[in-house]
Amino acid sequence: MAKKVKVRFAPSPTGDLHVGNIRTALFDWAYARHTGGTFLFRIEDTDTTRVTDEYIQAAIDTLKWLGLNWDEGPEVGGENGPYLQSQRLDIYAEWAQKFLDQKDAYHCYCTPAELEATREAQRAANVAPGYDGKCRDLSADQVAVYKSEGREAVIRMRMPDGSTTFVDEIRGEVSFEHKFVPDFVLVRADGSPLYTLAVAVDDILMKVTHVLRGEDLLSSTPRQIRVYQAMGVKPEDFPVFAHLPFVMGQDNAKLSKRNGEVSIAWYREQGYLPEAICNYLALLGWSPGDDRENITMAELCELFTVEKVHSSPARFDMKKLEAINGDKIRALTLDDFLKWSLPFLTKTGIIAGTDSEIALVKSALPIIQERIVKLDEVPQMLKFLFVKEFAVEVDSVSKIIDDVSKDVLKRSLKELEPLSTWNHDSIEAALRACLIEEMGLKPRIAFGAVRIATTGSTISPPLFESMELLGKQASLARIAAALTL
RNA sequence: GGCCCCGUCGUCUAGCGGCCUAGGACUCUGGCUUCUCAAGCCAGCUACGAGGGUUCGAAUCCCUUCGGGGCUACCA
């Protein structure tokens, strides 16, 4: 019987989680859910100079916001914790000592300057750069000399001769000659562990069965496998590796701050829905195999297999994300749309959040739902319903001060004033009768003037519905005011 | 430089030897609809990096080449 799948997402929060990280997290999560396995979330904070508590918290919040819930990890705990590597230092130290005792690893006293000089020479000589194994077999005397010089040692893993071959679930069999995989550092001179040590130890100790991660880690896999071997793990117990293709920016370089907005926090502020982000990201490097593109989280879990993941990198396309976000917004129920919209309305000060305001927003949302792509457009769309001191946009004023417009507005006022029933049907019937039929105007001319007068802009939600929501009193007052411009 | 990965429309992709005069989606262009903006509908543009093989037949298999990317840290 196959082992129960356990997939881990293990970011190193040296900044806000970005699009690439999230795509990896999404695939990890989807694979775990698809297989009925466990999704483990681990924080790789061994580089204390770059990881901050704020970034760690932000990573946790982002995953939660996206709905990528984890079964083991920060906040939820689990039997293989702790899940912050900074809290597991003693574990790594123990293993490092064991490797030392087994002679799989050794102390290296070379200074950074010496290592740099070696690399320079190798480069100049056109040979593979990397540690030359100088400290592999130091005698006690030599060690004593180094120590007397005040040198501090790092712990290096000894790479034996030969090669490492493993099967990558996405790329097939991959092989590395050890002469191109130099002895690597496990523990810094200050005693702190490096990624190379911590990642391998944790994946084994936390019983991870599948490692789905970015392809930048592909060439570090032989090192990871070397640590498994030193730990005494049998090959059949190694995790399965699958290296996901990159998400690239417009300029065909790995996505970074330079080539586009990559922080998920930014997308959140712009009004993208988590489901849209996940749907779009799912399509970057993966497809269900048919023409389906609108995929829910539940469907993703059902359909996701590593087999369908690409081996080639994908370019991030904001336009397509926007299109999907628009689709997702249109598919929202009214209550959900309201829930997502409210924060944008209050944040911009359009509404304070009173019950009556919320009720008006709720009745107005249906008429804007199909005309926005992002939630941050909601305030602009509904502003006219809430502004205390209404004014026509400066650019639009000139369009309603001509004689025709004045006539339209005067006539509208006269026709609307006696209306006893104020709804979009009655408003439309009244305005059509007088402006289109009697005055013989083109609808876009006639209604355009009324639109500017009542909503303040040439662009608005449907006019009659807008006027209904605005109310008779305010509508008429605005038309009257427009006549004085 | 060395090692490794990758290569279908502008972009994301379908395709796993004949169903391909290469399908879908986004973008773009034109049109329809229309009270603005959208949405919706219709149409159009545009791709198998190149060169060799293998085969009756190749986007699909092999080789070479070109191009892109990653790694080459006491980062991850």
Side-chain angles (χ1 to χ4, degrees), chain A residues 10-12 14 44 46-47 49-51 108 110-112 115-116 119 122-131 152-156 168 170-171 174-177 179-182 184-190 192-196 198-199 213-222 243 245-246 248 250 252-254 280 283-294 310-324 326-327 330 367-373 381 428 431-432 435-436 442-452 455 457-464 466:
Chain A
S12 182
T14 56
E44 308 230 326
T46 55
D47 186 351
T49 62
R50 297 167 67 213
V51 176
C108 169
C110 296
T111 64
L115 295 171
E116 185 52 40
R119 273 194 291 271
Q122 288 165 327
R123 228 167 248 277
N126 220 353
V127 295
Y131 186 64
E152 296 198 310
V154 299
I155 298 175
R156 264 184 208 280
D168 184 284
I170 293 169
R171 284 146 221 285
V174 181
S175 193
F176 290 87
E177 296 281 341
K179 62 181 170 186
F180 303 118
V181 186
F184 55 97
V185 178
L186 296 170
V187 180
R188 293 185 181 88
D190 67 3
S192 62
L194 247 24
Y195 169 78
T196 48
V199 73
R213 62 196 338 183
E215 78 166 285
D216 50 334
L217 270 350
L218 182 61
S219 51
S220 84
T221 306
H243 289 90
F246 283 126
M248 320 281 273
Q250 267 77 10
N252 207 25
K254 194 177 159 189
Y280 175 63
L283 265 16
L284 244 39
W286 174 84
S287 93
D290 53 25
D291 291 335
R292 297 174 61 178
E293 293 209 323
N294 193 318
H310 276 219
S311 49
S312 53
R315 227 113 19 224
F316 184 82
D317 180 14
M318 189 86 77
K319 281 280 198 293
K320 182 132 184 175
L321 205 212
E322 285 177 3
I324 290 176
D327 285 341
R330 268 167 252 135
I367 62 172
I368 67 165
Q369 191 162 13
E370 70 178 24
R371 39 201 109 225
I372 64 168
V373 159
M381 285 292 225
E428 178 168 9
L431 291 181
R432 274 192 192 281
L435 302 177
I436 311 303
K442 282 193 161 60
R444 65 180 301 138
I445 302 292
F447 299 145
V450 181
R451 179 188 312 286
I452 293 171
T455 70
S457 170
T458 54
I459 298 173
S460 82
L463 180 60
F464 314 116
S466 296

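No hydrogens, no waters, no symmetry mates; every other heavy atom, side chains included, goes into these values. Protein chains get the first letters and strands the later ones, always in sequence-line order, with residue 1 at the start of each.
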Sugar-phosphate, base or nothing in reach of A:P112, heavy atoms under 4.0 Å: base
P-based separation of B:rG7 from B:rC12 [nearest Å]: 12 Å
Among B:rC6, B:rC74, B:rC26, the nucleotide that comes nearest once only the side chain of A:K319 is considered: B:rC26
Touch class at under 4.0 angstrom, heavy-atom based, for A:G214 against every strand present: nothing
P atoms of B:rG23 and B:rA47, separation to the nearest Å: 11 Å
Distance, rounded to the nearest Å, where A:I324 contributes CD1 and B:rA25 contributes C1': 8 Å
Whole-Å distance separating the CE atom of A:M381 from the P atom of B:rC37: 12 Å
Nucleotide of B:rA76, B:rC71, B:rC35 approaching A:R432 most closely (side-chain heavy atoms): B:rC35
Identity of whatever pairs with B:rC48 - Watson-Crick or G-U, under 3.5 angstrom: none
Rounded distance (Å) that lies between atom C1' of B:rC5 and atom CZ of A:R213: 14 Å
Gap between atoms CG and P, on A:L115 and B:rC75 respectively (whole Å): 12 Å
Rounded distance (Å) that lies between atom P of B:rA14 and atom CH2 of A:W286: 10 Å
Interatomic distance at P, B:rU11 relative to B:rG69, whole Å: 14 Å
side-chain N/O A:R371 vs B:rC37 OP1/OP2, d < 4.0 Å: no
Donor-acceptor contact present, side-chain A:T14 to main-chain A:R50, <3.5 Å: no
B:rG10 versus B:rC28 - spacing of their C1' atoms, nearest Å: 9 Å
Rounded distance in Å - CD (A:Q122) to P (B:rC71): 19 Å
Selection from B:rA25, B:rG70, B:rU36 that lies nearest to any side-chain heavy atom of A:D216: B:rG70
Sugar-phosphate only, base, or nothing, as touched by A:F176 at under 4.0 Å among non-hydrogen atoms: sugar-phosphate
Atom C1', compared across B:rU13 and B:rG53: separation rounded to whole Å: 29 Å
Whichever of A:R188 and A:P182 has its nearest RNA chain B nucleotide further upstream toward 5': A:P182
Sugar-phosphate only, base, or nothing, as touched by A:P462 at under 4.0 Å among non-hydrogen atoms: base
Nearest to side-chain heavy atoms of A:F447, which nucleotide of B:rC3, B:rC35, B:rU36: B:rC35
Distance under 6.0 Å and angle within 45° of ring axis: A:R156 vs A:Y131: yes
Short side-chain to backbone donor-acceptor contact, A:R292 and A:P288, under 3.5 Å: no
Touch class at under 4.0 angstrom, heavy-atom based, for A:S311 against every strand present: sugar-phosphate
Nucleotide of B:rC75, B:rU36, B:rU11 approaching A:D47 most closely (side-chain heavy atoms): B:rC75
Sugar-phosphate, base or nothing in reach of A:P461, heavy atoms under 4.0 Å: base
Given RNA chain B, 5'-ward residue of the pair A:V185 and A:E293, judged by closest heavy atom: A:E293
A:R119 side chain near B:rA73 phosphate (N/O to OP1/OP2, under 4.0 Å): yes
Which nucleotide in B:rC12, B:rC71, B:rA76 has an atom nearest any side-chain atom of A:L284: B:rC12
d(CD, A:E322; P, B:rU27) in whole Å: 9 Å
Sugar-phosphate only, base, or nothing, as touched by A:L463 at under 4.0 Å among non-hydrogen atoms: base
Minimum-distance nucleotide to A:F180 side chain [options: B:rC74, B:rA76, B:rC3]: B:rC3
Sugar-phosphate, base or nothing in reach of A:R171, heavy atoms under 4.0 Å: sugar-phosphate
P-based separation of B:rG24 from B:rC5 [nearest Å]: 34 Å
Base paired to B:rC66 (Watson-Crick or G-U; both N/O distances under 3.5 angstrom): B:rG7
Charged N-O contact under 4.0 Å between A:E116 and A:R119: yes
Test item: A:Q122 side-chain N/O and A:G130 main-chain N/O as donor-acceptor pair under 3.5 Å: yes
Cationic N near anionic O, under 4.0 Å, A:K320 to A:E293: yes
A:V154, nearest nucleotide to its side chain (from B:rC74, B:rC5, B:rG10): B:rC74
Sugar-phosphate, base or nothing in reach of A:R292, heavy atoms under 4.0 Å: nothing
Nearest to side-chain heavy atoms of A:A314, which nucleotide of B:rC6, B:rA73, B:rU13: B:rU13
Rounded P spacing from B:rG31 to B:rU21 in Å: 33 Å
Euclidean distance, atom OH of residue A:Y280 to atom P of B:rC26 [Å, nearest integer]: 13 Å
Assigned partner base of B:rA43, Watson-Crick or wobble definition, under 3.5 Å: B:rU29
Whether A:S220 side chain and A:L217 backbone form a donor-acceptor pair below 3.5 Å: yes
Sugar-phosphate only, base, or nothing, as touched by A:G285 at under 4.0 Å among non-hydrogen atoms: sugar-phosphate
C1'-based separation of B:rG51 from B:rG67 [nearest Å]: 14 Å
Min side-chain heavy-atom separation A:V450-A:L435 under 4.5 Å: yes
A:T46 vs B:rA76: side-chain N/O to OP1/OP2 distance below 4.0 Å: yes
Selection from B:rA76, B:rC74, B:rG70 that lies nearest to any side-chain heavy atom of A:F246: B:rG70
Heavy-atom side-chain contact between A:M381 and A:S466 under 4.5 Å: no
side-chain hydrogen bond (donor to acceptor under 3.5 Å, both in side chains) between A:R188 and A:S192, intermediate numbers included: CA-CA 5 Å; A:R188 293 185 181 88; A:S192 62; 3.0 Å; yes
Phosphate contact (B:rC35 OP1 or OP2) by A:R444 side-chain N/O below 4.0 Å: no
Touch class at under 4.0 angstrom, heavy-atom based, for A:T49 against every strand present: nothing
Residue-phosphate contact under 4.0 Å: A:S460 side-chain N/O, B:rC37 OP1/OP2: no
A:H310 vs B:rA14: side-chain N/O to OP1/OP2 distance below 4.0 Å: yes
